[in-house]
Amino acid sequence: MARRRAALPAGLGQTYEVFAARAEGAEIWDVEGKRYIDFAGGIAVLNTGHRHPKIVEAVKKQLDLYHHTCFQVLAYEPYVELAERLIALTPGDFAKKAYFLSSGAEAVENAVKIARASTQRQAVIAFGGGFHGRTLLGMALTGKVAPYKAGFGPFPAEIYHAEFPNPLHGVSVADALRSVEHLFKYDVEASRVAAIILEPVQGEGGFYVAPPEFAQALRALCDKHGILLIADEVQTGAGRTGTWLACEQWGVAPDLVTMAKSMAGGFPLSAVIGKADIMDKPLPGGLGGTYAGNPLACAAALAVLDVFEEEKLLDRSNTMGQHLTTRLRALAEQHPEIQDVRGLGAMVAIELFKDGDLHQPDPDLTKRVCAEALQRGLVLLSCGLYGNVIRILVPLTASDALLDEGLTLLGEALQAATS
Ligand SMILES: Cc1ncc(COP(=O)(O)O)c(C=O)c1O
């Protein structure tokens, strides 16, 4: 840690003072030999677990063939096959195209570029509490100042924020929709808005779920004004919420979808998938990147898709979600500090309040629970606009026994942190 502190900037945060030595499935061992159960999944990247044998094998095989050409210079088959397979999995009764980048923020930037190029409009509406990455445009779209935006401005212009539905904190779906309409009155005419971007479940923001009726109303609003709807599925995608994409549960299709994180099981890959005519609007050369769609990452992503099919991980996501919810509700019975257990599929969280008072989010207790859990060998992640949410992103491949062991440790950590 001393060497890390001396060599690395403070802005590069680190949740725990632990150095990993090796990992397997949903377990990690640190350099001192201590074992941890991984409920963080490298922040939503490991739905298929650490070092899934099928993914390791696919990457090794690819490594023996070639590992970089730059797709825009010399093409390779795994990239095209992956695009075809993702298109087939993306909702919407229309022709689609897909292409690849390296990070979630890059995918978000590219979705906005495409929306602007195809609508010839500039403005973008995002939501309070949303998180879309750490690049300048990603930060501008992100709806949380500290620590993500503080000191980094000025941001790209023409980004506006509306309210995300969050009944627990007093924002109904009707309130949220009204706040979008207010933007059209107060800040920007609808005819200048290129896109509305939202996370189907806010990730960093606190695992708040956008109800299908909210997405449907946004779809109707977008259709009325010629605005494109972008689903940022960087955290929700790749099976976390019980369907491959969370927006499959909306009943309406977005025009553009961004993916990253678990889609390639830990290898850096992101995607933009969308309506073919929209995707074709930027000029040749306007999209891409040197490393974008790296062959090793494409091979890993194809293996992730195979693993999902072979191991029925979407079913697992749902059963795991039910199991997590049941056990966390039981914990909430014993701990009034837990005022909400919520989620979609296996994207599940608890929210903590001082004395159970909804006016007093408790980030300190949240930190204490995470610290107590770490001591006991469980890696947890917090999140939320108020830092008072504990989110569970355990690999979908984890056994029931391991899941229960982790949940028991969480219970013990809560007990220790509240007594
Ligand atoms: C919804 C969402 N969008 C975008 C991003 C940014 O992804 P990356 O960190 O890969 O740039 C994240 C990362 O957490 C995310 O959760």
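As the structure lists them, so they are numbered: ligands from 1, and atoms in each ligand from 1. Predicted model only: the values in this text are computed from it and were never measured.
- Shortest contact from atom 16 (O) of ligand 1 to any protein heavy atom: Q235 NE2, 2.9 Å.
- Under 3.5 Å, the side chains of Y99 and N110 contain a donor-acceptor pair of N or O atoms.
- Assignment of K261 to the shell around ligand 1 is supported, since a heavy atom sits closer than 4.0 Å.
- Judged by distance alone, the side chains of Q249 and T243 do bring a donor and an acceptor atom under 3.5 Å apart.
- By the 4.5 Å heavy-atom criterion applied to side chains, L393 and R240 are counted as neighbours.
- Protein heavy atom closest to atom 2 (C) of ligand 1, with residue, atom name and distance, is F131 O, 3.2 Å.
- Side-chain atoms of E233 and T236 include a donor-acceptor pair closer than 3.5 Å.
- Close approach to E204 involves these atoms of ligand 1, each under 4.0 Å from a residue heavy atom: 14 (O).
- Each of the atoms 1 (C) of ligand 1 lies under 4.0 Å from some heavy atom of E199.
- Of the protein's heavy atoms, none falls inside 4.0 Å of atom 9 (O) of ligand 1.
- At a cut-off of 3.5 Å, with distance as the only test, a side-chain donor of D232 or T258 sits close to an acceptor on the other residue.
- Taking any N or O of V234, backbone or side chain, none lies under 3.5 Å from an N or O belonging to ligand 1.
- Given atom 7 (O) of ligand 1, the protein heavy atom at minimum distance is G104 CA, 3.3 Å.
- The closest side-chain donor-acceptor pair between H52 and E311 falls under 3.5 angstrom.
- Residue contact check for ligand 1: D232 places a non-hydrogen atom closer than 4.0 Å to it.
- Heavy atoms of A105 come nearer than 4.0 angstrom to ligand 1 in at least one pair.
- Residue Q235 forms a side chain to side chain donor-acceptor pair (under 3.5 Å) with just one option from Q202, E199, R391, and that option is R391.
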